[in-house]
J.: 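One structure coming up, written as structure tokens, with questions to follow.
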Amino acid sequence: MAGEIRRRKIALIGAGQIGGTLALLCGQRNLGDVVLFDVVEGMPQGKALDLSHLAPVFGLDFKIQGTNNIADIAGADVCVVTSGLPRKPGMSRDDLVKTNAEIIRNVAKGIKEHAPNALVIVITNPLDAMVYLMQKETGFPANRVVGMAGVLDTARYQAFLAEELNVSVSSVSAFVLGGHGDDMVPVRSYTTCNGIPVANLIKTERLDAIEKRVRGAGGEVVALLKTGSAFYSPAASAIQMVEAYLHDQRRVLAAAAKMNGEYGLKDIYIGVPVIMGKGGVEKIVEIELTAAEKTALHESAERVKQLLAIL
Ligand code: TXD
């Protein structure tokens, strides 16, 4: 008997700047049908209606629904979570952790009930703490709950290096590990221009400056936008992970994964190289780091643990 043919369903939890861009990219790249969920009434419905009018222009057959009812994510293959609040003036970092933790707990309940077999990709900040909480609250196996930050931080490193070297971005292969914060770890020893170590091509002081810019790139965008944070590139980065999963690409990319002894870390989510395929995070890849990179990774992990303690 022939197997059942079914369209993929992608649930976007949070229909703000990143959520809306994700919906557009899902449609453009023919990934499946999209459900756009948010607590704000009318906004996800409005964005979905607008996007449905883009479909005929590009000849896309995707269905898109905006909703305030979490039950509409039923049977989703993938949930991408961006729901949360940005920090407002007068709010401490701890306030933000607690506010977003409440939102993530709520969303986790909905995902567990309505999309129990989905791969969950968390984007909400503070990323490493929120993805940890999502896994804990859903009770899903750790390979099915993953955080997006490393793909974006790596892309920023690639973009700055390609600009410096005046070469195609696709000739630059880079890695950024650690927590998604100012203490992230650009791994110079594994960063190359088509196999040539960047340290052979760019002077140390310039590389130091480029890596500093990578660590502050999110803040650089915020300072320019003034009303929010980066959204095009975070959405694109999450799409790379969705595609790796849905197309079983076994792609090697940087993502926040749950450590179980790898890199000497346990019971914590942090950015490391992983293999993503149909099993979600199929493997955490352990690479040899220099002593300085190892120290930086562990310092970054300490800061993530401090946030987890607040939860
Ligand atoms: O690399 C990364 N991981 C990141 C993370 C890069 C850039 C931005 N990053 C974080 O993503 C950012 O700090 C935020 O925590 C999230 C989402 O960013 P976005 O720019 O999309 O924020 P918006 O536009 O404020 O959208 C958030 C939406 C908004 O529409 C709220 O109404 C909604 O989340 N929201 C909820 N949706 C569903 N359910 C609940 N409970 C809820 N609460 C708020």
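Indexing begins at 1, ligand by ligand and atom by atom, following the structure's order.
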J.: Charged N to carboxylate O below 4.0 Å: is that the case for D183 and R303?
T.: yes
J.: Would the distance check show the side chain of S300 and the main-chain N or O of G179 forming a donor-acceptor pair, the cut-off being under 3.5 Å?
T.: yes
J.: Looking at I18, is its backbone amide N or carbonyl O close enough to the side chain of T82 to form a donor-acceptor pair, meaning the two atoms are under 3.5 Å apart?
T.: no
J.: Hey, is NZ on K47 packed in by over 12 heavy atoms from elsewhere, all under 6.0 Å?
T.: yes
J.: Just need the protein heavy atom nearest to atom 17 (C) of ligand 1, so name the residue and atom and give the distance.
T.: T82 O, 3.2 Å
J.: Is any side-chain N of the basic residue among K9 and D33 closer than 4.0 Å to the acidic one's carboxylate O?
T.: no
J.: Looking only at protein heavy atoms, which one is nearest to atom 36 (C) of ligand 1, and what is the separation?
T.: S83 CB, 3.4 Å
J.: Identify, by atom number and element, the atoms of ligand 1 in contact range of A149, meaning under 4.0 Å from any of its heavy atoms.
T.: 1 (O)
J.: Considering only non-hydrogen protein atoms, determine which one is nearest to atom 26 (O) of ligand 1 and report residue, atom name and distance to 0.1 Å.
T.: G16 CA, 3.4 Å
J.: Strictly distance-based, threshold 3.5 Å: is any side-chain N or O of K98 a donor or acceptor partner for the main-chain N or O of L311?
T.: no
J.: Looking only at protein heavy atoms, which one is nearest to atom 18 (O) of ligand 1, and what is the separation?
T.: I18 CD1, 3.5 Å
J.: Please walk me through it: do L246 and I10 pass side chain to side chain contact (heavy atoms under 4.5 Å, CB included)?
T.: CA-CA 10 Å; L246 290 180; I10 298 139; 4.3 Å; yes
J.: Answer yes if the side chains of Y245 and D77 hold a donor-acceptor pair under 3.5 Å, and no otherwise.
T.: no
J.: Ligand 1 versus L152, non-hydrogen atoms closer than 4.0 Å: side chain, backbone, both, neither?
T.: side chain
J.: Specify whether the nearest protein heavy atom to atom 22 (O) of ligand 1 is under 4.0 angstrom away.
T.: no
J.: Suppose we measure from atom 1 (O) of ligand 1 to each protein heavy atom; which comes out shortest, and what is that distance?
T.: H180 NE2, 3.3 Å
J.: More than 12 heavy atoms of other residues, nucleotides or ligands under 6.0 Å from CG of D61: yes or no?
T.: no
J.: Report yes or no: does M130 have a heavy atom closer than 4.0 Å to ligand 1?
T.: no
J.: To which protein heavy atom is atom 41 (N) of ligand 1 closest, and what is the distance rounded to 0.1 Å?
T.: I103 CG2, 3.5 Å
J.: Which part of M148 is near ligand 1, with near meaning a heavy atom under 4.0 Å away: side chain, backbone, both or neither?
T.: both
J.: One residue to check: V40. Relative to ligand 1, which of side chain, backbone, both or neither has a non-hydrogen atom less than 4.0 Å away?
T.: side chain
J.: I'd like to know whether ligand 1 has F37 as a neighbour, heavy-atom separation below 4.0 Å.
T.: yes
J.: Going by the atom numbers of ligand 1, which of them fall below 4.0 Å from some non-hydrogen atom of P234?
T.: 6 (C), 7 (C)
J.: Under 3.5 Å, which donor-acceptor pairs link side chains of residues 249-258 to any protein atom two or more places apart or in another chain?
T.:
| residue | atom | partner | partner atom | Å |
| --- | --- | --- | --- | --- |
| Q249 | OE1 | A244 | N | 3.4 |
| R250 | NH1 | E282 | OE1 | 2.2 |
| K258 | NZ | Q135 | OE1 | 2.9 |

J.: Judged by non-hydrogen atoms, does A230 sit under 4.0 Å from ligand 1?
T.: yes
J.: Could you pull out, from V131, N125, V222, V39, the option with a heavy atom nearest to atom 12 (C) of ligand 1?
T.: N125
J.: Counting only nitrogen or oxygen atoms and a 3.5 angstrom limit, does G19 reach ligand 1?
T.: no
J.: Considering only the protein, which heavy-atom contact is closest to atom 27 (C) of ligand 1, and what is its distance?
T.: G84 O, 3.6 Å
J.: Does ligand 1 have an atom under 4.0 Å from some heavy atom of N106?
T.: no
J.: What are the atoms of ligand 1, with element, lying closer than 4.0 Å to any heavy atom of M43?
T.: 30 (O)
J.: How about E286: does its CD atom have over 12 heavy atoms from other parts shown lying under 6.0 Å from it?
T.: yes
J.: By number and element, which atoms of ligand 1 are closer than 4.0 Å to a non-hydrogen atom of S229?
T.: 8 (C)
J.: For F175, is there any backbone N or O sitting under 3.5 Å from a side-chain donor or acceptor partner on T154?
T.: no
J.: Provide, to 0.1 Å, the distance between atom 24 (O) of ligand 1 and the closest protein heavy atom, together with that atom's residue and name.
T.: Q17 N, 2.9 Å
J.: Any idea which of V81, T21, D38 brings a heavy atom closest to atom 31 (C) of ligand 1?
T.: D38
J.: If a pair satisfies side-chain hydrogen bond (donor to acceptor under 3.5 Å, both in side chains) and one of its residues is in residues 207-226, list it, with sequence neighbours excluded.
T.: Y157-E211, R188-D208, R188-E211, R213-E220
J.: Quick one: does I268's side chain get under 4.5 Å of Y132's, heavy atoms only?
T.: no
